[in-house]
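The basis for the numbers below is simple: all heavy atoms, side chains too, and nothing from hydrogens, waters or symmetry mates.
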Amino acid sequence: MTPGPSRSEVGWAAACWAAVAWYAAVFAQSTIWAGDTDLWYHLSGGLFTGTHGAPPDHTYFSFIDPPRPWVDYYWLFQWLVYRVHEAWGYPGLVALRTALVGAFAAVAVMACAPAEPGDRRAVRLSQLVLVSGVLLAAAGRYQLLRPHGFSYLAILVLCWLLRVRGARALIAPLVALAWVNLHGIYYPVLLLICLSYLAQYLWERRQRPFEPRRDAPYLAAIGLSLAAVLATPHGASLAPVPFVSTGFAVDYISELRRLDPAEFLSLGVHWLVPTRHTLMAAVGALALGALGRGMWRRDLAVAPVLLFFGGLALLARSGRFGVEFVLLSVPLLAAALSKGSLCGHGAEGPRRALAVAALAGLTLVHASAGRAVLDAGSGRFPLS
């Protein structure tokens, strides 16, 4: 009989799911910010799609005259928020955001879990720290109800599905299809994930024969996920959209400027929570350490390395992609941490003391993060 998880393993798993519950509960109490004009633009886009039965293909909501061609690459997100708002008003939008961040947090727990097949350990201290870093990195961006929230979720889900393989990989094309219609401008990240895991499969395939029952479904899942890029109302017109220059917008959208490497040295905390640049610097340092460790031991997998460098390239392009960099670093960090858990070795006494101290520290950090989110969304519920 296979032994079940130990009490300590159950405890670490409970701590992770408690963080998920806390994360969702905080956003359930946070208001919709009336200063986020993008939300009303998206509601207008959903109204257009619902009224005309198709997404707009011209600049219908603009001062430009005559209208110009327009690729509404987040048409499904706009339609969704419009329908939710039409049925339940602003409380419905708060509920939608709460469900979205809850799903993101739950998937983060699974994505940060040990990667080895058959490993029945629950998420230990190192994974709990990684989960916390992911949640804290995305918390500020989830205060806004925008399509990037679905992209964050899709990045983690797709990486997790293609990592575990098996029958679950067949869900990947459905995730890809939803993703490109909710936030199609992110399709290069979708391609990066699929091609990274395809490269890993081909690398591993050199040492064993082709197994149709095992390999064919996995290859089909990757192929269909790649093909999903064309399964939008825009077809091939979506292809050039992510590469249109945004230089003109840098003057009034600071996130679009190129990231200054010196910003990684501007470390700090707010409400006991590391600032965004501090988190990115910590993730970068840990990922580089994991990369060096893997090279030394020669046990690196191909996909996590490609995803990390892809995230690094995104980060260098713009300060907006800090969360994406963290998420694309998760497979590399999870693989490294699962091979050497911070609380997996040593004497029982010091190990238990380390675990208790870490849990206490993380509890304070999460409580502070929740307070910061609620302060930022303070005002008359549900619309501040």
Side-chain angles (χ1 to χ4, degrees), residues 32-90 92-93 96-97 100 141 144-155 173-192 224-258 314 317-321 324 383:
I32 294 290
W33 180 43
D36 178 24
T37 53
D38 276 23
L39 176 59
W40 279 264
Y41 158 66
H42 289 307
L43 290 171
S44 173
L47 173 62
F48 185 102
T49 300
T51 303
H52 295 83
D57 58 2
H58 60 277
T59 53
Y60 72 98
F61 193 50
S62 169
F63 294 109
I64 297 174
D65 189 35
R68 298 179 183 178
W70 164 246
V71 177
D72 188 8
Y73 50 81
Y74 29 45
W75 73 272
L76 185 57
F77 169 82
Q78 294 180 331
W79 180 85
L80 175 62
V81 293
Y82 167 70
R83 289 302 184 191
V84 169
H85 180 264
E86 185 180 40
W88 298 292
Y90 293 112
L93 296 181
L96 175 62
R97 184 186 60 185
L100 180 58
R141 295 286 284 167
L144 308 171
L145 182 56
R146 292 188 188 173
H148 64 242
F150 284 93
S151 286
Y152 297 163
L153 175 61
I155 289 172
L174 299 178
V175 174
L177 181 63
W179 187 6
V180 295
N181 285 282
L182 285 163
H183 202 195
I185 198 171
Y186 266 54
Y187 83 81
V189 182
L190 166 63
L191 298 183
L192 170 67
L224 290 172
S225 298
L226 291 170
V229 173
L230 298 175
T232 74
H234 321 297
S237 300
L238 180 63
V241 172
F243 307 102
V244 173
S245 173
T246 54
F248 67 94
V250 171
D251 291 337
Y252 59 93
I253 304 179
S254 60
E255 290 179 336
L256 292 179
R257 61 180 173 79
R258 288 191 176 274
L314 279 175
R317 181 185 175 194
S318 169
R320 169 169 284 185
F321 298 119
E324 290 83 348
L383 182 68

*To the nearest 0.5 angstrom, please state how far the CD atom of Glu324 sits from the CG atom of Leu314.*
7.0 Å

*So, His85 versus Tyr90, ring centres under 6.0 angstrom or not?*
yes

*Is the gap between the ring centers of His183 and Phe77 under 6.0 Å?*
no

*asked:* Restricting to non-hydrogen atoms, name the atom on Leu238 and the atom on Pro242 that form the minimum distance, rounded to 0.1 Å.
replied: O-CD, 3.6 Å

*So with a 6.0 Å cut-off around CH2 of Trp40, is the heavy-atom count from everything else above 12?*
yes

*Report the C-alpha separation of Leu145 and Trp33 in whole Å, then their side-chain angles, then the decisive distance to 0.1 Å, and conclude whether the side-chain contact (heavy atoms from CB on, under 4.5 Å) test is met.*
CA-CA 9 Å; Leu145 182 56; Trp33 180 43; over 6 Å; no

*Asp72 side, atom CG; Thr49 side, atom OG1 - distance, nearest 0.5 Å*: 6.0 Å

*With no hydrogens and no angle check, do the side chains of Glu86 and Tyr82 hold a donor and an acceptor under 3.5 Å apart?*
yes

_Between Tyr60 (side chain only) and Phe48 (backbone N and O only), is there a donor and an acceptor less than 3.5 Å apart?_
no

*Can you check whether Ser151 reaches Val189 side chain to side chain, under 4.5 Å on heavy atoms?*
no

*Atom pair OH/CG of Tyr186 and Leu182 - distance to nearest 0.5 Å*: 13.0 Å

*Which atom pair, heavy atoms only, marks the closest approach of Pro188 to Phe243?*
CG-CZ, 4.2 Å

_Distance check, rounded to the nearest 0.5 Å: Leu177 atom CG versus Leu230 atom CG?_
11.5 Å

*Between CG of Leu226 and CG of Leu191, what distance do you get to the nearest 0.5 Å?*
6.0 Å

_Any side-chain to backbone donor/acceptor pair from His148 onto Arg141? Under 3.5 Å, distance only._
yes

*Distance-minimising heavy-atom pair for Pro147 and Tyr74*: CG-CD2, 3.7 Å

_Side chains of Asp36 and Tyr41 in contact at under 4.5 Å (non-hydrogen atoms)_ = no

*Kindly determine whether Leu96 and Leu100 satisfy side-chain contact (heavy atoms from CB on, under 4.5 Å), including the steps that lead there.*
CA-CA 6 Å; Leu96 175 62; Leu100 180 58; 5.6 Å; no

*Just by modelled atom types, is the Leu47 backbone N or O under 3.5 Å from a matching donor or acceptor in the Thr51 side chain?*
yes

*asked:* Give me the atom names and distance for the closest heavy-atom approach of Asn181 to Pro233.
replied: OD1-CD, 3.4 Å

*Leu43 CG to Arg83 CZ distance, which is reported to the nearest 0.5 Å*: 12.0 Å

*Any side-chain heavy atom of Leu190 sitting closer than 4.5 Å to one from Val229?*
yes

*If you take all heavy atoms of Gly45 and Gln78, which pair is closest and at what distance?*
CA-OE1, 3.5 Å

*asked:* A side-chain contact here means heavy atoms from C-beta on lying under 4.5 Å apart; do Leu39 and Leu93 qualify?
replied: yes

*asked:* Using every non-hydrogen atom in the two residues, find where Trp70 and Thr59 come nearest and quote the distance to one decimal.
replied: CB-N, 3.9 Å

